[in-house]
Number of protein chains: 4
Amino acid sequence: MTVHSPEARAGRPTGDDRAAKRDRILDAAERVFAQRGFFTAKVSDIAKEAGVADGTIYLYFKSKDDLLISLFESRMERVNGLLAAAVAGATTPRAKLMAFVTAYVGMIAEQPTAAEVLTIELRQSTKFMREYSAQRFGELLRLLAGVIAEGQAAGVWSDTVPAPHAARMIWGMLDELALAWLLGRDGGGRRGRKPPPSADDGGRKFDIVRAADWVGALVTQGLERRSNV
Amino acid sequence: MTVHSPEARAGRPTGDDRAAKRDRILDAAERVFAQRGFFTAKVSDIAKEAGVADGTIYLYFKSKDDLLISLFESRMERVNGLLAAAVAGATTPRAKLMAFVTAYVGMIAEQPTAAEVLTIELRQSTKFMREYSAQRFGELLRLLAGVIAEGQAAGVWSDTVPAPHAARMIWGMLDELALAWLLGRDGGGRRGRKPPPSADDGGRKFDIVRAADWVGALVTQGLERRSNV
Amino acid sequence: MTVHSPEARAGRPTGDDRAAKRDRILDAAERVFAQRGFFTAKVSDIAKEAGVADGTIYLYFKSKDDLLISLFESRMERVNGLLAAAVAGATTPRAKLMAFVTAYVGMIAEQPTAAEVLTIELRQSTKFMREYSAQRFGELLRLLAGVIAEGQAAGVWSDTVPAPHAARMIWGMLDELALAWLLGRDGGGRRGRKPPPSADDGGRKFDIVRAADWVGALVTQGLERRSNV
Amino acid sequence: MTVHSPEARAGRPTGDDRAAKRDRILDAAERVFAQRGFFTAKVSDIAKEAGVADGTIYLYFKSKDDLLISLFESRMERVNGLLAAAVAGATTPRAKLMAFVTAYVGMIAEQPTAAEVLTIELRQSTKFMREYSAQRFGELLRLLAGVIAEGQAAGVWSDTVPAPHAARMIWGMLDELALAWLLGRDGGGRRGRKPPPSADDGGRKFDIVRAADWVGALVTQGLERRSNV
DNA sequence: CATGAATGAGACTTCATTCAT
DNA sequence: CATGAATGAAGTCTCATTCAT
């Protein structure tokens with residue numbers, strides 16, 4: 001008779017165990033998708049990376065697509081939660097905006113693999129992915145639009161640009177800077193890719209944290225030089 | 001007896017014929033990729049759409065990947081050419097910037113399918129696509145960065161944000177607005193997708209041409225209200 | 001409760017199981033190659049003959065080429081082993097030679113399908129097959145050449161013909177007789193072939209076992225009539 | 001009006017022209033088959049080698065198979081003719097046998113490409129090739145068997161081995177030696193193949209012409225040393 | 001619950017053959 | 001007769017998913 005772990009002895013693992021293994025698979029999928037891309041990644045790659053059997057994946061996820069969606073949900077939940085918390089921690093519209101921006105670039109700097117998956121891989125894929133994407137990014141965009149609208153209502157910001165579109169634009173800046181940084185990092189993008197020859201396109205090895213200031217500057221005053229202010 | 005060109009006399013299609021069929025295949029691929037996505041699209045779908053046999057595709061392109069890359073090159077060449085022409089037709093940095101922005105949104109409005117492929121589908125796919133992408137978008141970004149740098153050098157614009165990164169940010173705004181518009185259109189995104197439930201995220205049915213003004217406004221003065229101007 | 005081996009307990013097939021299925025596929029390939037020829041045989045034919053799914057083949061062999069090579073290796077190993085054993089069981093050079101010859105024709109008589117594949121199909125195919133072929137047949141030829149050389153060294157046989165070439169020649173006789181017999185059998189060659197009209201070419205329905213005597217006679221005394229011996 | 005060659009003026013080429021082009025295609029096929037093997041060779045390769053368009057092949061041959069068969073017929077006709085002539089030029093059975101053998105090895109030495117195709121490539125291929133092969137080689141074998149039978153009838157040779165089988169055996173020797181020589185030549189076998197490592201198997205760089213003596217010796221006296229003769 | 005061997009649908013690609021010029 | 005672009009049937013191989021152990 002062999003000695004068994006408590007869980008095995010009890011006949012079935014606790015919910016915690018189940019959740020933990022699910023997370024292990026999600027983490028593995030994150031790494032594999034970041035490295036190979038969604039379509040190129042094989043389910044068995046993910047299984048190997050997670051240290052489980054191929055079939056086990058299907059005990060936790062309905063399909064490869066479901067795995068992708070679950071990963072997306074999981075990461076966006078985290079992102080949306082952090083951003084909401086950051087915004088909630090500030091008082092004025094300007095402070096809220098900067099909190100949003102700073103929190104986002106901070107997240108990218110700290111979890112580049114997750115960011116890579118969100119920024120690059122998760123946008124591909126199958127048609128129905130697009131819906132989930134729109135929905136979850138919608139949350140993020142509404143949070144940001146709310147901050148803008150608040151500032152416009154308070155008279156702090158001009159309402160030349162409707163708040164939802166202003167939010168899109170700011171998000172676009174952040175996203176593009178994130179993309180540039182992610183692809184510019186050593187080992188960024190997929191493995192084995194040769195570095196692009198040009199170096200002067202702002203795409204390589206800048207400090208992503210500074211991006212917060214750039215966005216702040218552009219939103220605050222545009223590119224204009226205000227000599228008399 | 002009619003006079004024939006040497007090629008016609010020999011019964012051989014002219015170079016023009018060849019190029020025309022190649023273009024027909026590229027156009028078909030554009031539509032199919034826009035509809036199904038690169039990985040999901042089957043070569044035989046493209047052949048059917050182009051009205052040729054499957055094997056014919058391979059007389060013009062080495063592989064499915066090659067077809068994608070060729071499509072990308074073809075469309076980016078067109079885009080880069082138009083943008084460069086637009087910029088060249090303006091004199092001051094501000095005018096050049098607005099020419100760039102206006103030209104881009106105009107292009108999207110007029111050729112949404114092409115835009116969809118460039119904005120959405122062509123960013124996916126295999127690792128080596130990434131390189132091509134970086135290179136060709138780099139051209140576009142360098143053009144824009146040149147305009148910014150010129151304005152900064154002329155003292156028109158602040159150099160708080162380095163020109164290459166400012167270019168990225170402006171591009172990000174445009175790109176995100178384009179994406180929102182493309183996905184928001186009826187029939188935008190892939191067929192068969194259900195419309196996202198939320199309507200207040202700025203993602204639906206706005207006039208993309210107005211985006212030029214929004215970008216102009218944000219770049220010119222940020223979001224700030226200038227009470228004393 | 002029965003006692004299981006570790007593998008059985010884990011629900012995993014034993015190495016024996018794996019080897020057995022591999023062999024089943026090799027046997028199926030042998031039959032299909034013998035019937036259709038390597039290039040004409042479809043992987044799915046082999047799968048059907050083996051009673052497995054198409055994809056299963058690729059769990060055991062890297063490619064169709066690999067399957068061919070593996071089959072060749074497997075059969076040549078068997079042949080070389082048997083011949084070496086036969087030779088080792090004899091003492092004088094003459095006895096060794098006859099043992100070699102007898103063992104080979106015996107093998108052909110008992111396993112005509114395997115012989116057909118070795119003698120006919122496995123000599124075709126891709127360029128790299130040729131190398132394997134040369135190497136494995138080389139083993140066989142060296143064994144035979146060794147016997148000849150031994151007899152020449154012992155003064156039993158003339159060294160008019162260098163041993164390696166004498167070995168080639170003897171092998172050629174055996175091979176040609178084997179080929180004639182294999183093609184002459186009912187059902188020999190590929191299915192569906194019409195019987196050649198001529199019957200007097202020695203190619204049909206003789207007893208392959210007698211070939212051993214013929215080879216023995218020719219090697220021993222040539223065709224000469226020795227009236228005075 | 002342009003000036004035309006006589007044939008063109010006449011509206012159709014002479015039979016000689018047609019035969020000449022057919023031969024050009026056969027020669028090209030011989031080279032391509034020798035280099036790439038029948039199955040691997042593409043019809044368009046042969047067309048290019050022959051300097052004609054792909055479709056032209058089909059004006060002279062019904063199919064790729066037909067081309068192979070025609071090539072085989074053409075070459076075997078030549079071989080059989082030469083051998084028959086050689087035999088006819090000799091008087092005694094022994095002389096006839098040696099004439100046969102000598103003529104054959106001479107042919108190999110002088111036209112190795114043709115020999116390679118006959119000895120190696122033409123034995124592969126489709127099922128119906130086998131019939132043609134049997135038939136044409138049958139001619140050759142019957143010629144040889146006739147010589148043997150004549151010698152046996154004359155009491156020159158023992159009839160231990162029936163003439164048709166003796167013919168097979170002699171042919172087997174020749175064929176195997178030819179094969180060894182062809183594969184052993186530099187550039188023998190298909191291009192790009194690495195040389196087999198072993199050198200002592202008699203397979204490399206011997207003088208094929210000497211093979212005639214070896215066959216003569218073996219047939220005349222076997223391997224036996226005849227001390228008392 | 002976990003395993004991983006087996007499945008088999010389906011994709012890309014090749015190439016012998018045709019036929020309009 | 002000659003051409004060679006076009007055809008499309010067919011084969012190899014991959015990989016998401018299942019299920020017996």
Side-chain angles (χ1 to χ4, degrees), chain A residues 7-8 11-13 17-18 21 39-48 52-67, chain B residues 4 7-13 17-18 21 39-47 51-65 67, chain C residues 4 7-13 17-18 21 39-47 51-65 67, chain D residues 7-8 11-13 17-18 21 39-48 52-67:
Chain A
E7 288 84 1
R12 62 190 169 98
D17 270 6
R18 191 178 159 77
K21 183 169 280 192
F39 278 102
T40 311
K42 284 175 279 186
V43 171
S44 70
D45 289 339
I46 298 169
K48 197 181 299 170
V52 300
D54 291 17
T56 303
I57 302 273
Y58 291 85
L59 298 173
Y60 293 85
F61 303 94
K62 228 174 35 235
S63 66
K64 190 185 174 187
D65 276 328
D66 182 42
L67 178 51
Chain B
H4 292 95
E7 288 88 357
R9 211 186 307 135
R12 192 174 302 119
D17 276 0
R18 192 180 159 76
K21 182 165 282 190
F39 281 102
T40 310
K42 284 173 285 182
V43 170
S44 69
D45 291 339
I46 297 169
V52 299
D54 291 20
T56 303
I57 302 276
Y58 291 86
L59 296 177
Y60 294 85
F61 302 94
K62 241 185 7 251
S63 66
K64 192 185 173 189
D65 275 329
L67 178 52
Chain C
H4 293 95
E7 287 88 357
R9 210 187 304 136
R12 192 175 303 121
D17 276 1
R18 192 178 159 76
K21 181 166 283 191
F39 280 103
T40 310
K42 285 174 284 184
V43 171
S44 69
D45 290 338
I46 298 170
V52 299
D54 291 20
T56 304
I57 302 276
Y58 292 87
L59 296 176
Y60 293 85
F61 302 94
K62 242 187 2 255
S63 66
K64 191 185 172 188
D65 275 329
L67 178 52
Chain D
E7 287 87 0
R12 61 193 169 98
D17 270 5
R18 190 176 161 78
K21 184 170 279 192
F39 279 102
T40 310
K42 284 175 280 186
V43 170
S44 70
D45 290 339
I46 297 169
K48 198 180 300 170
V52 300
D54 291 18
T56 303
I57 302 273
Y58 290 86
L59 298 173
Y60 294 84
F61 302 94
K62 227 173 37 235
S63 66
K64 190 185 174 189
D65 276 328
D66 182 42
L67 178 51

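This structure is a prediction, so every number in the text was calculated from the model and none was measured. Letters A, B, ... mirror the listed sequences (proteins, then strands); counts begin at 1.
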Separation of atom [atom1] in [X] from atom [atom2] in [N], rounded to whole Å:
X        : N       : atom1 : atom2 : result
Ile57(A) : dA5(E)  : CD1   : P     : 16 Å
Asp17(B) : dT21(E) : CG    : P     : 11 Å
Ile46(A) : dT17(F) : CD1   : P     : 11 Å
Leu59(B) : dT13(E) : CG    : P     : 14 Å
Asp65(C) : dC13(F) : CG    : C1'   : 13 Å
Phe39(A) : dA16(F) : CZ    : P     : 11 Å
Asp45(A) : dA16(F) : CG    : C1'   : 12 Å
Leu67(D) : dT17(E) : CG    : C1'   : 14 Å

Quick check: closest heavy atoms across [X] and [Y], and the distance to 0.1 Å?
X        : Y        : result
Asp66(A) : Phe61(A) : OD2-CA, 3.5 Å
Ala47(A) : Asp54(A) : CB-OD1, 3.5 Å
Arg18(C) : Leu59(C) : NH2-O, 3.2 Å

Quick one: is [X] getting a side-chain N or O under 4.0 Å of the [N] phosphate, OP1 or OP2?
X        : N      : answer
Tyr60(A) : dC1(E) : no
Lys21(D) : dC1(F) : no
Arg18(A) : dC1(E) : yes
Thr56(D) : dT3(F) : yes

Review point. Under 4.0 angstrom, heavy atoms only, what part of the nucleic acid is Ala41(B) near: base, sugar-phosphate, or nothing?
Key: sugar-phosphate
From C-beta outward on [X], which listed nucleotide comes closest to its side chain: [options]?
X        : options                  : answer
Lys42(C) : dT12(F), dA16(E), dC1(E) : dT12(F)
Asp54(D) : dA5(E), dG4(F), dG4(E)   : dG4(F)
Lys64(C) : dT12(F), dA16(E), dT3(F) : dT12(F)
Tyr58(C) : dT7(E), dT12(F), dA2(F)  : dT12(F)
Ser63(B) : dA2(F), dT17(E), dT13(E) : dT13(E)

Point to revise | Pairwise distance CD1(Ile46(B)) to CD1(Ile57(B)) - rounded to 0.5 angstrom | key: 6.0 Å
Check your understanding: What does dA16(F) pair with, Watson-Crick or G-U, if both distances are under 3.5 Å?
Key -> dT7(E)
Review point. With both distances under 3.5 Å as the test, what is the Watson-Crick or G-U wobble partner of dC1(F)?
Key: none
Point to revise | Side chain proximity check, Thr40(B) to Phe39(A), heavy atoms < 4.5 angstrom | key: yes
Check your understanding: Given that Lys62(B) and Ala53(C) both sit by DNA chain E, which one's nearest nucleotide is further toward the 5' end?
Key -> Ala53(C)
